[in-house]
Amino acid sequence: MFFQKTQNSLTKIPQISKLLRRISIFFSLFLGTILLSWIVKAQQPVTLNLLLPAPDAPPLQKMIENFEAKNPGIRINIIEGPNSTNLIEDLYTSSFLLGDSPYDLVNMDVIWTPKFAAAGWLLDLTDRVKPQELEAFLDKDIEAGFYEGNLYRLPIRSDVGMLYYREDLLKEAGFEPPETFQDLIKISQALQQDGTINWGYVWQGRQYEGAVAMFVEVLEGFGGFWVNPNTLEVGVDRPEALNAIEFLRTTIKEEISPPGVTTYHEEDTRRFFHNGQAAFLRSWPYVWTIANQKGSPIEGKIAIKPMVHAPNQNSGACLGGWGLGIAKSSRHPEEAWKAIQYFTSQDAQREFILQEGYVPSRIELFTDPEIVAKYPHFPQLLEVVEQAVLRPPIAQYAQASDILQRYLSAALTNRMSPERAMKAAANETRRLLKTGQGEQST
Ligand code: GLC
């Protein structure tokens, strides 16, 4: 009996060792596959997602290619969004609110940092940059990247509102460039009346952020203000604001501006001016490069100057611009930081500005000989940018701007009297800022 049992066990030994061999082959294969997929994955480049307004994508392409060539392990995937800054902001906001945002780099308008930082959507960059490195950039561009003492955004280009005019037409008619709102109206009417040009002045009047930027300049030119970021005082129902609205309404009433102006955004106004339809345009510096391209109907015929103002007041220039931050939810913060360091570096910026004619955010580039040879107006631009005003850097900026956009549009399109509209805008803004003093809303 015992013998039989032992014999049975002995005959089973080869079967067991076969099984063990199979198991070990299976495990080796299994581990091998895991290792292989890990190696493949480790060798695959990390992709950084970045959402941009569509028109900003082609200008960035070259800089991205250069970055990728220097960093073979990192790819940047551009997602082209709508043109308007508000809509891009909405897309970022909803992706962060819903969680699991796909974006690694956050391409931010100069006005977004407080809201995005207060909501906890951005990585704190303070310890990554030395204070002396920040000194190379325009003060206000850097200021706009701070929230409650911490840095969340580095600028890749600045922007500033200015007045474009047809130098050729003004010279022919014997006019000096306008200094005051009144000059602008007078010259426009004279040029229109003698048939030199169809329209005097085009500006951004659609209900959106661009109209707020435009309005801030007119407001400043009349000595007024919107929100004082330090005291949270609201000034849009003061007489200066009503004067600012009156000026804009006059341009429509007197047919100095086309009736469609209250539906125009930047590109509508640029096309209008570009096609030789208007003597004056309020816009950002990107227009200069396009308007002076070979074959443009206004090539070499235009000049720029700071915005007009009321007598004894100063020109208002609204600071715009775009910069980069890192989404807190990004799984690749180190790679994203590498990209930011490259995009904001002196060399990359130089090439970017030379190629695109955007306003630099690094001070030295405004007087760089090669840049000035191509863009002779840059030293003058530096003065304008340095005087420019930030829209109020408050966490509730998006709502404050929305209130102003609605009531400004109502006043410009005669849906409300300017007095009623601005009273309502001021009161709503005061309520917003009061409730926001305790909690930071998004
Ligand atoms: C430009 C400016 C930006 C501004 C926007 C308004 O893109 O750079 O700061 O908010 O225009 O349309």
Side-chain angles (χ1 to χ4, degrees), residues 48-53 56 60 63-64 67 76 78-79 81 85-86 88-93 95-96 101 103-160 209 213 229 284 318-330 332-346 348-349 352 358-363 385 388-398 401 440 442:
L48 301 174
N49 289 322
L50 169 63
L51 169 70
L52 295 174
D56 289 357
L60 275 179
M63 193 150 68
I64 289 177
F67 170 74
I76 295 188
I78 288 207
I79 298 135
T85 175
N86 311 45
I88 294 287
E89 186 186 4
D90 289 349
L91 289 177
Y92 272 120
T93 299
S95 87
F96 291 134
S101 160
Y103 309 120
D104 299 283
L105 288 163
V106 190
N107 177 51
M108 283 185 279
D109 194 337
V110 73
I111 47 191
W112 299 353
T113 312
K115 165 178 162 177
F116 282 31
W121 297 334
L122 300 174
L123 214 66
D124 185 350
L125 307 178
T126 320
D127 294 336
R128 295 179 187 254
V129 202
K130 295 195 192 76
Q132 51 286 22
E133 287 176 68
L134 295 181
E135 281 167 17
F137 296 88
L138 291 163
D139 279 359
K140 284 182 189 139
D141 273 354
I142 292 296
E143 194 188 313
F146 272 89
Y147 179 67
E148 296 196 334
N150 294 325
L151 180 72
Y152 294 93
R153 167 196 186 270
L154 279 181
I156 53 170
R157 68 176 176 93
S158 196
D159 225 355
V160 67
E209 182 60 36
W284 307 98
C318 177
L319 188 80
W322 294 80
L324 290 172
I326 304 176
K328 210 182 228 168
S329 51
S330 168
H332 311 294
E334 294 316 314
E335 288 84 356
W337 175 241
K338 265 196 182 155
I340 295 186
Q341 275 177 306
Y342 180 76
F343 289 164
T344 57
S345 69
Q346 177 94 349
Q349 283 277 300
F352 179 51
Y358 281 139
V359 184
S361 50
R362 283 185 169 268
I363 302 165
V385 181
V389 282
L390 269 176
R391 282 158 278 174
I394 48 172
Q396 308 91 329
Y397 180 82
S401 171
Q440 300 291 14
T442 55

Would you say [X]'s side chain and [Y]'s backbone share a donor-acceptor pair under 3.5 angstrom?
{"X": "Arg153", "Y": "Val106", "value": "no"}
{"X": "Lys140", "Y": "Leu319", "value": "no"}
{"X": "Ser361", "Y": "Phe137", "value": "no"}
{"X": "Thr93", "Y": "Glu89", "value": "yes"}
{"X": "Tyr92", "Y": "Asn107", "value": "yes"}
{"X": "Asp104", "Y": "Asn49", "value": "yes"}
{"X": "Ser158", "Y": "Gly321", "value": "no"}

Is the count of non-hydrogen atoms from other residues, nucleotides or ligands lying under 6.0 Å from Asp139 atom CG greater than 12?
no
For [X] against [Y], the heavy-atom pair lying closest together:
{"X": "Leu138", "Y": "Pro360", "answer": "CD1-O, 3.7 Å"}
{"X": "Glu209", "Y": "Ser401", "answer": "OE1-OG, 2.6 Å"}
{"X": "Ala117", "Y": "Leu122", "answer": "N-CD1, 3.9 Å"}
{"X": "Pro114", "Y": "Tyr147", "answer": "CA-CD1, 3.6 Å"}
{"X": "Glu143", "Y": "Leu390", "answer": "OE2-CD1, 3.6 Å"}
{"X": "Pro333", "Y": "Leu123", "answer": "CB-CD2, 3.7 Å"}

Are [X] and [Y] packed together at the side-chain level, in the sense that at least one heavy-atom pair is separated by less than 4.5 angstrom?
{"X": "Leu60", "Y": "Trp322", "result": "no"}
{"X": "Arg391", "Y": "Val110", "result": "yes"}
{"X": "Leu324", "Y": "Leu50", "result": "yes"}
{"X": "Phe343", "Y": "Ile340", "result": "no"}
{"X": "Val359", "Y": "Trp284", "result": "no"}
{"X": "Val129", "Y": "Leu134", "result": "yes"}

Between the side chains of Glu334 and Arg128, is the shortest nitrogen-to-carboxylate-oxygen separation below 4.0 Å, so that they form an ion pair?
yes
Any idea how Tyr103 and Phe96 line up, ring-wise: parallel (<30°), tilted (30 to 60°), or perpendicular (>60°)?
perpendicular
Hey, can you tell me if Phe67 and Tyr342 have their rings parallel, tilted or perpendicular (30° and 60° cut-offs)?
tilted
To the nearest 0.5 Å, what is the distance between [atom1] on [X] and [atom2] on [Y]?
{"X": "Met108", "Y": "Trp121", "atom1": "CE", "atom2": "CH2", "answer": "11.5 Å"}
{"X": "Leu105", "Y": "Leu48", "atom1": "CG", "atom2": "CG", "answer": "5.0 Å"}
{"X": "Phe352", "Y": "Ile156", "atom1": "CZ", "atom2": "CD1", "answer": "5.5 Å"}
{"X": "Ile78", "Y": "Ile64", "atom1": "CD1", "atom2": "CD1", "answer": "3.5 Å"}

Test side chain to side chain contact (heavy atoms under 4.5 Å, CB included) applied to Tyr152 and Thr126, Thr113, Leu125, the passing residue:
Thr113
Given side chain to side chain contact (heavy atoms under 4.5 Å, CB included), test Leu154 with Trp337 step by step and report yes or no.
CA-CA 10 Å; Leu154 279 181; Trp337 175 241; 4.0 Å; yes
Identified salt bridge (Lys or Arg N to Asp or Glu O under 4.0 Å) counterpart of Arg157 within the set Asp141, Asp56, Asp109
Asp56
Mind checking what makes side chain to side chain donor-acceptor pair (under 3.5 Å) contact with Ser95, not counting sequence neighbours?
Ser101
